[in-house]
Every structure is written in structure tokens, then in C-alpha cells.
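Shown next, in C-alpha cells, is the structure this report addresses.
Note that the structure is predicted; figures quoted are calculated from it, not measured.
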Amino acid sequence: MEKFTHNKIANLSSLEKRYHITEGNGFCLRVTPTGTKTWFYRYKFDGKDKWLTIGHFPSMGVAEARKSFNDLWEIRQSDVDPEEHVQQKKLQENNTVKTLI
């Protein structure tokens, strides 16, 4: 498996059906027929296959997507569901004094 590069991702063409490419360890990119390119982390938790959206190319570049993936991968290695972790983080960010007022 090859490492993702900006040029490699930018030059991917859309097809009639969506498709995925992977760099390894669950770091994936989905390309839709409309040309949308979405970064994903694919993993298993409690015996279930899960797909967690990381971001969209080109607004999220390869380096930023890889860093986010690595952070999520580390969370998963701690036997924590990365999706649950992300949801908890969003809840904490929304529980500010400004939000409460």
C-alpha cells in the first residue's frame, strides 16, 4: 500500500460507483461519483465494522488527515471507541458558559 500524497489524491477520478482506497491500518479515502473525496477511519469495535469521517479533501489536506487518523488510531489502541470519544469531545466543547447563557 502506498502512502497518500496530495498529488495522488488530487488526481483521483470519480467513477460510476463510489470506491475506496486505503493507506493501511484503516486510513481510507472514499471517492463518490460526484467527485467528493472523504477521509475515513475504518475500524472494528465490539465486533462491529465502523467508519468514522475525518474530513473532506481538499479542505483537509493529507498531512492534517493523517494526523487526525493517527490520533484516532491511538484512541482505538486504548480500547476506546473513537466515535464515542469524538462525540464526548463535542459535548464538552458545547458545554461552555456562553452556550448555557
Would you give me the side-chain donor-acceptor pairs under 3.5 Å for residues 7-19, sequence neighbours excluded?
unit_1, atom_1, unit_2, atom_2, d
N11, ND2, N7, O, 3.0
S14, OG, P33, O, 3.4
Y19, OH, S13, O, 2.6

Can you find a pair of side-chain heavy atoms, one from N25 and one from Y41, that are under 4.5 Å apart? no
Under 3.5 Å, which donor-acceptor pairs do the side chains of residues 60-72 form with other protein atoms, sequence neighbours left out?
unit_1, atom_1, unit_2, atom_2, d
R66, NE, E23, OE2, 3.3
R66, NH2, F4, O, 3.1
R66, NH2, E23, OE1, 2.6
K67, NZ, D71, OD2, 2.9
S68, OG, E64, O, 3.2
N70, ND2, R66, O, 3.3

Got a second to check how far I75's CD1 is from E83's CD, nearest 0.5 Å? 12.0 Å
Residues in salt bridge (charged side-chain N to carboxylate O under 4.0 Å, His left out) with R42, at least two apart? none
Which atom of G47 lies closest to which atom of K44, heavy atoms considered: O-NZ, 4.4 Å
Value for CD (Q87) from CG (L52), rounded to nearest 0.5 Å, stands at 9.0 Å
Listed by chain and number, what are the salt bridge (charged side-chain N to carboxylate O under 4.0 Å, His left out) partners of R30, not counting sequence neighbours? none
Hey, is the main chain of G24 close enough, under 3.5 Å, to the side chain of T22 for a donor-acceptor pair? yes
D79 vs F45, side-chain contact (heavy atoms from CB on, under 4.5 Å): CA-CA, chis, key distance, verdict: CA-CA 8 Å; D79 205 27; F45 193 82; 4.3 Å; yes
With sequence neighbours excluded, what pairs up with H56 under the ring pair (Phe, Tyr, Trp, His ring centres under 6.0 Å) test? none
Going by the rule ring pair (Phe, Tyr, Trp, His ring centres under 6.0 Å), which residues pair with H85 if we only count those two or more places apart in sequence or in a different chain? none
Identified ring-ring contact (aromatic ring centres under 6.0 Å, His included) counterpart of F27 within the set W51, Y43, W39, F40: W39
